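Working notes, structure below.
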Amino acid sequence: MKKCIFFVAINCFLSVKCFGQTQLEMNIQANNDYKVADAKMNTLYKKVLNSLKNASDKKLLLEAQRAWIKYKETHCKLAAKAYESGSIQPLIYATCLTSITEDRIKELKKLIEEN
């Protein structure tokens, strides 16, 4: 959990958009950052899916994506649980989702390169 808070704090302090914001504004910004990353990931996912030639590969990608979504949501709920009822909890959750989604983007880019 300390790593997660450190990650959020570093991202916030390195980002000009965090200075002078309220917790609510930071939560909203973190959620918006996640939405951007998620949209990018979905675009790449569709690109990878369309690049696959046979149905069995497409089925495997779909299974992997569904498992990844479940992992992402469960992992980030766990990471944010330590801050339950705190105003920082949405920030922790959204930052976790963004981080894991950015990792998935890298994985999908690698799949595109390999095909």
Side-chain angles (χ1 to χ4, degrees):
M1 289 304 149
K2 289 180 183 178
K3 280 185 174 182
C4 193
I5 289 180
F6 179 74
F7 175 74
V8 169
I10 292 298
N11 278 346
C12 188
F13 290 120
L14 293 177
S15 171
V16 174
K17 57 190 167 192
C18 278
F19 290 111
Q21 290 184 337
T22 65
Q23 184 63 56
L24 176 62
E25 290 169 331
M26 288 187 287
N27 294 348
I28 291 168
Q29 183 61 52
N31 192 52
N32 289 339
D33 291 345
Y34 168 63
K35 287 179 182 178
V36 169
D38 190 55
K40 185 175 180 180
M41 187 273 307
N42 283 316
T43 299
L44 282 168
Y45 170 78
K46 289 174 187 170
K47 189 173 179 180
V48 172
L49 187 63
N50 291 331
S51 74
L52 297 174
K53 306 289 188 256
N54 64 55
S56 65
D57 289 348
K58 289 182 181 194
K59 183 179 177 189
L60 285 173
L61 178 64
L62 178 61
E63 288 175 19
Q65 191 68 10
R66 286 179 177 160
W68 173 82
I69 289 168
K70 183 151 181 74
Y71 162 76
K72 170 190 72 168
E73 291 170 355
T74 304
H75 175 78
C76 291
K77 283 178 186 175
L78 178 62
K81 187 161 177 48
Y83 307 95
E84 205 163 41
S85 301
S87 62
I88 196 172
Q89 185 181 23
L91 177 67
I92 299 296
Y93 182 69
T95 302
C96 178
L97 291 173
T98 302
S99 176
I100 290 176
T101 301
E102 288 171 349
D103 290 342
R104 182 66 176 156
I105 288 168
K106 292 174 189 171
E107 292 168 358
L108 292 172
K109 284 181 178 179
K110 188 175 180 181
L111 286 173
I112 290 170
E113 292 170 5
E114 292 171 356
N115 288 324

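None of the values given here were measured: they were computed from a predicted structure.
Among residues two or more places apart in sequence or in another chain, the side chain to side chain contact (heavy atoms under 4.5 Å, CB included) test is passed with Glu114 by Lys110, Leu111.
Here the side chains of Leu91 and Tyr83 are not in contact, with every heavy-atom distance at 4.5 Å or above. With a 4.5 Å cut-off on side-chain heavy atoms, Leu62 and Lys58 do not count as touching.
Between Glu25 atom CD and Gln23 atom CD the span is 10.0 Å, to the nearest 0.5 Å. Rounding to the nearest 0.5 angstrom, the gap separating the OG atom in Ser56 from the CG atom in Leu61 is 11.5 Å. Rounding to the nearest 0.5 Å places CD of Glu73 at 8.5 Å from CH2 of Trp68. Here CG of Leu44 is found 10.5 Å from OG of Ser51. Values are rounded to the nearest 0.5 Å. Atom-to-atom distance recorded for Leu97:CG and His75:NE2 is 9.5 Å, nearest 0.5 angstrom. In this structure, OG1 in Thr101 is found 4.5 Å from NZ in Lys72, a value given to the nearest 0.5 Å.
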Steps toward salt bridge (Lys or Arg N to Asp or Glu O under 4.0 Å) verdict (Arg104, Glu107): CA-CA 5 Å; Arg104 182 66 176 156; Glu107 292 168 358; 3.0 Å; yes

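Cluster membership for Ile100 and Leu108, using ILVMFWY side-chain heavy atoms within less than 4.5 angstrom, is shared. Put simply, Tyr34 and Ile69 are part of two different groups of oily side chains (I, L, V, M, F, W, Y) that touch within less than 4.5 Å, one to the next.
Contact between Gly86 and Pro90 at its shortest, heavy atoms only, is O-CD, 3.9 Å. Contact between Glu84 and Gln89 at its shortest, heavy atoms only, is CA-OE1, 3.5 Å. The nearest pair of heavy atoms linking Val48 to Ile112 is CG2-CG1, 3.3 Å. Among all heavy-atom pairs drawn from Ala37 and Ile105, the shortest one is O-CD1, 3.6 Å. The two residues Thr95 and Ala30 come nearest to each other via the heavy atoms OG1-CB, 4.1 Å.
A donor-acceptor contact shorter than 3.5 Å links the side chain of Thr98 to the backbone of Ala94. Within the 3.5 Å criterion, the main-chain N or O of Asn27 finds no donor-acceptor partner in the side chain of Asn31.
At most 12 non-hydrogen atoms from other residues, nucleotides or ligands lie less than 6.0 angstrom from NZ of Lys40.
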